[in-house]
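Since the structure is predicted, the reported quantities are computational estimates derived from the model, not experimental observations. Proteins come first, then strands; the chains are lettered A, B, ... in the order of their sequence lines, and each starts at number 1.
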Amino acid sequence: FVYFNGKPRWLHTTPMTLTYAFSPDNMIDYMSISEIRSVFKRAFSRWASVIPVNFTETENYLSANIRIGFYRGDHGDGEPFDGVLGVLAHAFSPENGRLHLDAAETWTVDFNSVKSKVAVDLESVATHEIGHVLGLAHTSVKEAVMYPSLSPRTKKVDLKIDDVEGVQALYGSNPNFKFSSLLESENSSNHA
Amino acid sequence: RILPDKSTVITVDAHNATWHEFKRLLDAGKGSHVSGMSELKTYFHRFGYLPISDTNFTDSFDTQLESAVVLYQKNLGLSVTGKLDSDTISTIMSPRCGMSDNAHALHTTRR
């Protein structure tokens with residue numbers, strides 16, 4: 001695992017609660033907001049299960065710690081999106097909180113119902129970008145969530161040991177988290 | 001009129017159309033000169049592998065590009081060959097996160 005320069009992290013008091021909100025003006029219209037909210041709730045809960053951080057959705061976009069939106073092309077942060085595939089999303093290191101997804105992608109949560117060759121799993125990308133928001137940079141471990149590339153029609157949502165060790169070094173461990181369960185799940189997926 | 005299903009209309013390869021052109025650079029190594037190499041340098045510059053202030057890139061596979069390829073292969077967990085082998089080209093063409101790979105200071109390994 002890798003950190004950003006200076007190893008930035010959120011410095012709220014423990015137990016930490018970070019709020020997140022969706023941009024009222026920059027969303028996609030072919031997925032319902034409830035579907036998108038569910039995707040992000042699951043993505044945040046994966047990280048929350050390994051560190052002592054709670055994530056709570058708020059309606060107040062401007063005051064939220066983490067601000068999520070879908071944008072096209074040049075959207076004013078100096079990192080323009082490039083259309084279908086290529087760059088899928090980006091996020092900023094702590095404590096910036098911006099998490100941007102390329103609105104030009106064919107985002108989905110269900111590859112059975114979306115047959116496009118260029119469909120991208122929203123939950124996988126959301127989980128990866130939340131890792132950046134928390135302070136993790138890109139890893140060289142291919143199986144890890146924080147690996148920089150993701151093929152279309154691929155799902156990678158489960159945190160791997162590399163992801164967990166990285167984020168726990170920043171925030172400590174969730175008292176309910178057991179490494180043995182992660183090792184068991186990695187072993188079973190390796191055997192599969 | 002029966003319109004084709006959305007999924008049959010999309011003919012874009014499973015890689016980005018822009019980066020798809022990198023296919024032509026397959027097997028290129030130091031000293032080679034291939035049209036489109038400058039776009040690859042732009043790619044490497046964008047993602048933190050070519051920290052050069054002058055972005056007027058040439059199509060030559062020079063020493064700086066070789067170093068960038070080696071660093072990219074190390075960072076992405078690929079075999080380090082210093083050449084644009086098929087694994088490297090395929091990874092370069094894959095959709096990815098827009099964060100630079102080189103915004104890091106601390107590389108940490110598992111105990």
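Of all residues in residues 18-29 of chain A, none places a non-hydrogen atom less than 4.5 angstrom from a non-hydrogen atom of chain B. For residues 24-43 of chain B, heavy-atom neighbours of chain A at less than 4.5 Å comprise no residues at all.
Residue contact with chain B, scored on non-hydrogen atoms closer than 4.5 Å, is absent for A/Pro8. Residue contact with chain B, scored on non-hydrogen atoms closer than 4.5 Å, is absent for A/Ala119.
The cluster map of Ile, Leu, Val, Met, Phe, Trp and Tyr, joined by side-chain heavy atoms under 4.5 Å apart, puts A/Val50 and A/Phe179 in the same cluster. Neither A/Trp47 nor A/Leu11 shares a network with the other; the hydrophobic side chains, linked directly or stepwise wherever heavy atoms of I, L, V, M, F, W or Y lie under 4.5 Å apart, form separate groups for each. When hydrophobic clusters are built by joining Ile, Leu, Val, Met, Phe, Trp and Tyr residues whose side-chain heavy atoms come closer than 4.5 Å, directly or via intermediates, A/Ile33 is grouped together with A/Leu101. Hydrophobic clustering (side-chain heavy atoms under 4.5 Å, transitive across Ile, Leu, Val, Met, Phe, Trp, Tyr) keeps A/Val157 apart from A/Phe111. Linking Ile, Leu, Val, Met, Phe, Trp and Tyr residues whenever their side-chain heavy atoms come within less than 4.5 Å leaves A/Trp10 and A/Phe92 in two separate clusters.
Contact of the B/Leu76 side chain with the A/Pro148 side chain is registered, since non-hydrogen atoms from C-beta on lie closer than 4.5 Å. Looking only at side-chain heavy atoms (C-beta outward), A/Pro152 and B/Pro95 come within less than 4.5 Å of each other. With contacts defined as side-chain heavy-atom distances shorter than 4.5 Å, the pair A/Leu85/B/His20 does not qualify. Counting only heavy atoms from C-beta outward, the side chains of B/Cys97 and A/Glu129 approach each other to under 4.5 Å. A heavy-atom distance below 4.5 Å is found between the side chains of B/Arg46 and A/Glu79.
Heavy-atom neighbours of B/Lys83 NZ from other residues, nucleotides or ligands within 6.0 Å: at or below the threshold of 12.
Atoms NE2 and CE, from A/His132 and B/Met99 in turn, are 4.5 Å apart once rounded to the nearest 0.5 Å. With values rounded to the nearest 0.5 angstrom, A/Tyr147 atom OH is found 8.0 Å from B/Ser94 atom OG. For the atom pair B/Arg96 CZ and A/Leu150 CG, the distance stands at 12.0 Å (nearest 0.5 Å).
Residues passing the side-chain contact (heavy atoms from CB on, under 4.5 Å) test with A/Asn174, sequence neighbours excluded: A/Asn176, A/Phe177. For A/Arg98, the side chain to side chain donor-acceptor pair (under 3.5 Å) partners are A/Asn96, not counting sequence neighbours.
The side-chain contact (heavy atoms from CB on, under 4.5 Å) test with A/His138 singles out one residue from B/Asn102, B/Asp101, B/Asn75, and that residue is B/Asp101.
Taking all atoms of both residues into account, the shortest heavy-atom contact from B/Phe47 to A/Val87 is CZ-CG2, 3.8 Å.
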